[in-house]
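Structure first, commentary second.
Below, read A as the first sequence line, B as the second, and so on, with proteins coming before strands; counting in each chain starts at 1.
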Amino acid sequence: MSWTEERIEKLKKLWGSGKTAAEIADELGDVTRNAVIGKANRLGLSSKSTPAAAKPKKKVIPAHRACQWPIGHPGEDNFHFCGDEAVPSKPYCLKHCNMAYQNKDNN
DNA sequence: CCCTGATTCGC
DNA sequence: GCGAATCAGG
């Protein structure tokens, strides 16, 4: 089997898509990963430009976390955390956030 | 030990 | 140019 244009096209496409040489080899068929890599490097490829293109995953961050405000005393039977909706970028909910940051001129 | 790509080397 | 063998990194 020789490297036809279509096979090279597929090689480049798959390689550029972040596929591994083994995957590409399997995809093309009748080639080992070595052949794929060898051809790839001869083609001037090698490193994959942007592997992220293979998985167009949308960046999602934790919308909210449970409020980490401790309720009760550590070791106590009923000791637990608030668990309410924490404000973004903060470990506590609004209520406890106020409590956490209220040490202004209170004293 | 499994995998990966990179390079080497004979064809 | 081709790909297996080998090398080197995770």
Can you find a side chain N or O atom of Thr32(A) that sits less than 4.0 Å from OP1 or OP2 on dG3(C)?
no
Return yes if some donor-acceptor pair links the side-chain N/O of Arg7(A) with the main-chain N/O of Ser2(A) below 3.5 Å, else return no.
yes
Atom pair distance, as rounded to whole Å: CD in Glu23(A) and P in dT4(B):
8 Å
Any Lys39(A) side-chain nitrogen or oxygen under 4.0 Å from OP1 or OP2 of dC2(C)
yes
Between dG3(C) and Arg42(A), counting only base atoms on the nucleotide and side-chain atoms on the residue, is there a donor-acceptor pair under 3.5 Å?
yes
Provide, to the nearest angstrom, the distance between the CD1 atom belonging to Ile24(A) and the P atom belonging to dA6(B).
11 Å
Specify the separation, in whole Å, of atom CZ of Arg33(A) and atom P of dC2(C).
18 Å
In whole angstrom, what separates Ile37(A)'s CD1 from dC9(B)'s P?
17 Å
Find the distance Asp26(A):CG to dG5(B):P and express it as a whole number of Å.
13 Å
For Asn41(A) and dT4(B), give me the distance from atom CG to atom P, rounded to whole Å.
17 Å
I need the NZ-C1' distance between Lys19(A) and dC3(B), as an integer number of Å.
17 Å
What integer distance in Å separates Asn34(A):CG from dC3(B):P?
13 Å
Residue Trp15(A), side-chain heavy atoms: nucleotide from dG3(C), dT4(B), dA6(B) that is nearest
dA6(B)
Are Cys93(A) and Trp69(A) close enough that some pair of their side-chain heavy atoms sits under 4.5 Å apart?
no
In the structure I gave you, are the side-chain heavy atoms of Glu23(A) and Leu14(A) within less than 4.5 Å of one another anywhere?
no
Considering only heavy atoms from C-beta outward, does the side chain of Trp15(A) approach that of Leu43(A) to under 4.5 Å?
no
